[in-house]
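What's counted below: heavy atoms across the whole structure, side chains too, no hydrogens, waters or symmetry copies. Each chain gets a letter, A, B and so on, in the order the sequences are listed, and its residues count up from 1.
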There are 2 protein chains.
Amino acid sequence: MSPKRHATATDVARLAGVSQSAVSRAFTPGASIAEETRLRVAEAARQLGYRPNAIARSLTTRRSRIIGVAASYLQNHFYPDVLEALSRGLQARGYQMLLFMPDAGRHADPQLQEVLAWRVDALILASTTLSSELADQCQAAGIPVLLFNRTSRAPSVSSVTGENLRGGRLIAEFLVTGGHRRLGFLAGIENSSTSRDRERGFCGWLEEHGHRPPLREVGLYRFDEASAAARRLLARPDRPDAIFCGNDHMATAVAEVARHEFGLRIPRDLSLVGFDDTGPARWPSFSLTSFSQPVQPMVDATVALVCEMIENPAAPTRHEVVRGELVVRGSARMPTEGCVSLAEQLVWRPAVVDAAG
Amino acid sequence: MSPKRHATATDVARLAGVSQSAVSRAFTPGASIAEETRLRVAEAARQLGYRPNAIARSLTTRRSRIIGVAASYLQNHFYPDVLEALSRGLQARGYQMLLFMPDAGRHADPQLQEVLAWRVDALILASTTLSSELADQCQAAGIPVLLFNRTSRAPSVSSVTGENLRGGRLIAEFLVTGGHRRLGFLAGIENSSTSRDRERGFCGWLEEHGHRPPLREVGLYRFDEASAAARRLLARPDRPDAIFCGNDHMATAVAEVARHEFGLRIPRDLSLVGFDDTGPARWPSFSLTSFSQPVQPMVDATVALVCEMIENPAAPTRHEVVRGELVVRGSARMPTEGCVSLAEQLVWRPAVVDAAG
DNA sequence: GCTAGGGTTGCATGCGTATGCAAGCTGGCG
DNA sequence: CGCCAGCTTGCATACGCATGCAACCCTAGC
């Protein structure tokens, strides 16, 4: 028993006593067809279990209505949330999602070739970048590329990110205002734009205000690496009294190590601040103070932008930055001033205007 | 500037001075073509940036090499892990993954239609079911369907699951052996096969051994619902001293509520056991005793089975059950006997053979 | 030198749908 | 009654690639 043939438009046409074109039009919204014919076709299609073949359709229309999506680091709860929102957003606009997972920390190039073979209408790369050659190749082919939570050195690739730079600065100010002087920074992936920008913001503010640079370790945005980094950091004689972790996922790792291996209490012995405001970080056990990257707004911006780029491939590159807040919870010592309630949350809004806006 | 035309096989053929067929053969492994010709074609293809069009290829071969994957409940860390493993597994076998997210707790039917339009080679539904009509429809169309972590009432749909029934029984025995008598059960989604089977195993063992049925609440496999259920359960005068949670995700919710709202200590005041052995449940803060559903073996079985079903669509339905272990950590009072070390883990292996195997 | 056979190649066609074009039909208006 | 406009419909073709078939070339064997 070979894979049974699907019913085709021609089969339906025969049964309904119309031409194949009529069947096609019956399934094309806005096409010129009499209501009566449309109904007759619909009935015949129902009888045969007919569904238009998206592959054949894409071949003629030269639009696949598929969007290639790359995602990695799904251990970080931020990304499953993003994936879910993205799926709904694209679905709502009539797009399908071809998902692939690049090797963490590397370019998405290899798997991308397979995805490009599907003539996707656009590419969304979450927490991933692509080589500039491939970026050029996509541009030459007229395929919009959108980086999510990353930016590219190649300025021609659009992106949607959170406020990495401002977040980093604000966290520096928050911790210093809270009275901390022995700061630590736990970097994510070294050559990722997010980690770089957060660090630049953090260290930039410190330097501008005459503070020593923080102790530094690398956690690669991974739980186990972050745990190891925490051990190194906390075992030092000049152990920091506050650590800014490149994201919430690493912050939870640090919290676990600090409490269960070093017997530290948070925030009494150690203040922690994360980035993302997502997942377990919000649970009472962690109650993480964190700069937020609001998933829904970021995904909304992504979907809107990618649709726009599909409509108008010649549109200029855009770098959308979605506003976040420093959400104050219990994992870091709280400054006496600057905390305001906002939408049932406490956020940090220092009164003094930052000189180096 | 309209979306630029991709180079086609004909373009490459012209440049290389061969026929379009030769180009096709150059990109078809095993096709009859002289090495020299293949190289000339490859060079021409490189110059033009040519990639075979997967859409056109699928139209002629009648195989898309795309597998539709449904996933929901991504808040439960189990599923992102599964998704990642699945992506790599399918990729390795040359399949792409068309991902969609059905509305939680409902049939996957609506979005499924769109996916079927792509003539996917198979469907994998994780934590989802489909209506029996649609199951029939897929069978009629010769599309293999595989349920992951669910079974269907319709016996004709294959599945890969963990040992839900045995796990439930073992957990009952574990808790009773540990001295617990006031048991609670936190159900997942009422009409999901996993929750039903785990409960059947749990309650079945209790009944067979003359114990009262557990107190029961429903958490719908969701964090907030599980939290609410935990509040109801723990506020009772006859509060349980041990709760079997339908999965780890809900168990963490219960742990949070128990500790931070009721001031209970785990496992001194309350024992918790989960299911899945995944994600935050393994962190020291939760250190959850849990029946494991090993992701990699489950995904391996899934990939193997789905490929087999594609090769041979007439193959009989199969229900693969992947073995798990009751991994013993710190969230539940430990029986004095029955714990053995296995691969650097403590697992519960009661000596007495279960009569009702 | 001739033939058989294996390895290559091109030709022609088909996959299932969308769509430009022209033909057919209908109704309204002069 | 004639004509024109507008709505439907069918015809024919194109989309880009795979593949059966026949033609071709080359080599080995006799």
So, [X] versus [Y]: side-chain donor-acceptor pair below 3.5 Å or not?
X	Y	answer
A/Asn312	A/Glu308	no
A/Tyr221	A/Ser127	no
A/Glu133	A/Gln137	no

Rounded to whole angstroms, how far apart are CD on A/Glu36 and P on D/dC7?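 Interatomic distance, CD of A/Glu36 to P of D/dC7: 18 Å.
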
Taking side-chain hydrogen bond (donor to acceptor under 3.5 Å, both in side chains) as the test, write out the residues that go with A/Arg51, two or more places apart.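 In terms of side-chain hydrogen bond (donor to acceptor under 3.5 Å, both in side chains), with neighbours along the sequence ignored, A/Arg51 is linked to B/Gln113.
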
Heavy atoms only, 4.0 Å cut-off, all strands: where does A/Thr37 land among base, sugar-phosphate and nothing?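 Touches sugar-phosphate only.
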
Can you give me the N/O atom pairs linking the protein to nucleotides 20-25 of chain D at distances under 3.5 Å, or say none if there are none?
none

Contacts to DNA chain C from residues 12-19 of chain B, heavy-atom cutoff under 4.0 Å, which residues?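 Contacting residues: B/Val18, B/Ser19.
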
Anything under 4.0 Å to a heavy atom of chain B counts; send over the first and last such nucleotide of DNA chain C, read 5' to 3'.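 First-to-last contact on DNA chain C, by the 4.0 Å heavy-atom rule, is C/dT8 to C/dG16.
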
Rounded distance [0.5 Å steps], CG in B/Leu134 versus CG in B/Asp136: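 The CG atom of B/Leu134 sits 9.0 Å away from the CG atom of B/Asp136.
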
Side-chain donor-acceptor pairs of residues 13-20 of chain A under 3.5 Å, sequence neighbours excluded:
{"from": "A/Ser19", "atom 1": "OG", "to": "A/Ser21", "atom 2": "N", "distance (Å)": "3.4"}
{"from": "A/Ser19", "atom 1": "OG", "to": "A/Ala22", "atom 2": "N", "distance (Å)": "3.3"}

Whether B/Tyr73 and B/Tyr79 hold their rings parallel, tilted or perpendicular, with breakpoints at 30° and 60°: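 B/Tyr73 vs B/Tyr79 ring planes: tilted.
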
Dump every N/O contact between nucleotides 15-17 of chain D and the protein below 3.5 Å, one line per pair.
{"from": "D/dG16", "atom 1": "OP1", "to": "A/Arg62", "atom 2": "NH2", "distance (Å)": "2.7"}
{"from": "D/dC17", "atom 1": "OP1", "to": "B/Tyr50", "atom 2": "OH", "distance (Å)": "2.7"}
{"from": "D/dC17", "atom 1": "OP1", "to": "B/Asn53", "atom 2": "N", "distance (Å)": "3.2"}
{"from": "D/dC17", "atom 1": "OP2", "to": "B/Ala9", "atom 2": "N", "distance (Å)": "2.4"}

